[in-house]
Amino acid sequence: MLSLFKKKRDRLDVGALYQQLVERSRNPIFYTQCGVPDTIDGRFDLLGLHVHLVLREIRRRGQGREALGQAVFDAFFGDLDQGLRESGVGDLSVAKKIRKMAEAFYGRAAAYDAAMGQAIAQVACKSILSAAIARNVLQTEPTGCSDMLASYSIELERSLSEASLDDIVSGDILKTAPHLTGN
């Protein structure tokens, strides 16, 4: 009987997936060639974009995936909470900061969803997504860098949509999906 619970818990272990999301978002090219600010906010925004793409794919797959999406979300915000505490933010302030980060994440996710709600192949999707990325990640007007990040995001979303759920949960798809490469 206990093995039934263990199997369910194992399916919800998103540690490898979350680690791959973190590793992808730490690719130096994002910061050196794409203009993502190498700050706490810049890293949060870039990791949030990656987390959002995975959550979007889990949600797209339909009912019965809520626990998986929640596990990814919990890993993301658990990591943020731990990072704040390790950086010396007091216990009373952590909850307020996490709440502000959650609001920022949801706002950005809504902007990305609105852009990506367009057909993936449409040029409009890329330009709307580029504008959302420029505003939220780069904190500028749309540029070649935001276009590059938009194209990367669209390609990553395609890879996620073509992968098995097991490959997503294990993080394996993130090892082989298109990466942003330098010039």
Side-chain angles (χ1 to χ4, degrees), residues 3-27 30 36 40-85 94-120 125 128-129 132-133 135-137 149-180:
S3 66
L4 291 176
F5 293 110
K6 183 179 186 321
K7 287 181 183 177
K8 184 174 182 180
R9 188 176 63 241
D10 287 348
R11 280 194 306 257
L12 298 179
D13 180 6
V14 296
L17 169 60
Y18 184 71
Q19 183 59 40
Q20 285 299 314
L21 289 167
V22 169
E23 285 180 25
R24 250 185 194 265
S25 70
R26 289 185 179 164
N27 181 344
F30 288 120
V36 175
I40 291 172
D41 289 341
R43 286 180 246 133
F44 164 76
D45 288 328
L46 193 56
L47 179 56
L49 174 63
H50 284 86
V51 168
H52 170 69
L53 291 171
V54 168
L55 291 176
R56 181 177 162 82
E57 180 55 29
I58 292 168
R59 188 175 63 235
R60 185 192 68 77
R61 290 177 187 240
Q63 294 295 326
R65 305 288 183 229
E66 295 88 4
L68 178 58
Q70 188 64 52
V72 172
F73 183 86
D74 291 348
F76 178 43
F77 277 92
D79 187 31
L80 295 174
D81 183 283
Q82 181 181 351
L84 287 171
R85 291 176 191 282
V94 169
K96 289 179 188 176
K97 289 187 182 291
I98 290 291
R99 185 174 52 248
K100 287 179 106 174
M101 292 170 121
E103 290 169 1
F105 176 77
Y106 284 126
R108 285 156 174 74
Y112 301 146
D113 277 343
M116 295 181 95
Q118 309 291 324
I120 291 295
C125 172
I128 295 168
L129 183 57
I133 288 172
R135 183 177 57 254
N136 294 309
V137 177
L149 286 170
S151 294
Y152 163 80
S153 297
I154 291 167
E155 286 302 311
L156 182 54
E157 182 174 62
R158 279 192 186 131
S159 291
L160 290 167
S161 73
E162 294 168 358
S164 72
L165 188 61
D166 287 342
D167 283 345
I168 292 172
V169 173
S170 70
D172 288 345
I173 186 59
L174 294 172
K175 294 175 186 172
T176 60
H179 281 73
L180 197 59

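Residue numbers count from 1 along this sequence. All heavy atoms count here, side chains included; hydrogens, waters and symmetry mates do not. Quick caveat, the model's predicted, so the values are computed rather than measured.
Classification of Glu103 and Lys100 as a salt-bridged pair fails, no side-chain N sitting under 4.0 Å from a carboxylate O.
Across every non-hydrogen atom of Ser161 and Arg158, the tightest pair is OG-O, 2.8 Å. What you find for Ser25 and Leu47 is that their closest heavy atoms are OG-CD1, 3.6 Å. Nearest heavy atoms, Phe44 versus Ala104: CE2-CB, 4.1 Å. Across Leu49 and Ser153, no two heavy atoms sit closer than the pair CD2-OG, 3.5 Å.
With a 4.5 Å cut-off on side-chain heavy atoms, Leu129 and Leu149 do not count as touching. In this structure the side chain of Glu57 never reaches within 4.5 angstrom of the side chain of Val54, judged on heavy atoms. Residues His52 and Asp113 meet the side-chain proximity criterion, which asks for heavy atoms closer than 4.5 Å. Contact check for Val51 versus Leu55: side-chain heavy atoms found under the 4.5 Å cut-off.
Counting non-hydrogen atoms of other residues, nucleotides and ligands closer than 6.0 Å to CD1 of Ile40 gives a total of 12 or fewer. Other residues, nucleotides and ligands contribute at most 12 non-hydrogen atoms within 6.0 Å of the CZ atom of Arg26.
Distance check: Met101 CE to Leu80 CG gives 4.5 Å after rounding to the nearest 0.5 Å. With values rounded to the nearest 0.5 angstrom, Ile154 atom CD1 is found 12.0 Å from Ser159 atom OG. Residue Ile168 holds its CD1 atom at 8.0 Å from CG of Leu17, rounded to the nearest 0.5 Å. A distance of 5.5 Å separates CG of Leu53 from CE of Met116, quoted to the nearest 0.5 Å. With rounding to the nearest 0.5 angstrom, the OG atom of Ser170 is 11.0 Å from the CG atom of Asp13. Going from atom NE2 of His179 over to atom CZ of Phe30 covers 8.5 Å, rounded to the nearest 0.5 Å.
Under the ring-ring contact (aromatic ring centres under 6.0 Å, His included) rule, His50 has a single partner from Tyr18, Phe105, Tyr152, which is Tyr152.
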Validation: residues 65-76 side-chain donor-acceptor distances under 3.5 Å, sequence neighbours left out:
{"unit_1": "Glu66", "atom_1": "OE1", "unit_2": "Gly64", "atom_2": "N", "d": "3.2"}
{"unit_1": "Gln70", "atom_1": "NE2", "unit_2": "Asp74", "atom_2": "OD1", "d": "2.7"}

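Listed by first and then second residue, the salt bridge (charged side-chain N to carboxylate O under 4.0 Å, His left out) pairs that reach into residues 41-55 are Asp38-Arg43, Asp45-Arg108, sequence neighbours excluded.
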Inset, instruction - Before giving the answer on side-chain contact (heavy atoms from CB on, under 4.5 Å), spell out for Asp172 and Lys175 the whole-Å C-alpha distance, their side-chain angles and the decisive distance to 0.1 Å. - result: CA-CA 5 Å; Asp172 288 345; Lys175 294 175 186 172; 3.5 Å; yes
Inset, instruction - Could you give me the CA-CA distance, side-chain angles and deciding distance for Leu160 and Ile58, then say whether side-chain contact (heavy atoms from CB on, under 4.5 Å) is met? - result: CA-CA 9 Å; Leu160 290 167; Ile58 292 168; over 6 Å; no
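Side-chain atoms of Arg56 do not come within 3.5 Å of backbone N or O of Tyr112 as any donor-acceptor pair.
For Arg135, the salt bridge (Lys or Arg N to Asp or Glu O under 4.0 Å) test picks out no residue, with sequence neighbours left out. Scanning for side chain to side chain contact (heavy atoms under 4.5 Å, CB included) contacts around Gln82 gives Glu86, with sequence neighbours left out. In this structure, Asp167 has no salt bridge (Lys or Arg N to Asp or Glu O under 4.0 Å) partners at least two apart in sequence or on a different chain. The side chain to side chain contact (heavy atoms under 4.5 Å, CB included) search around Glu23 returns Gln19, Gln20, not counting sequence neighbours.
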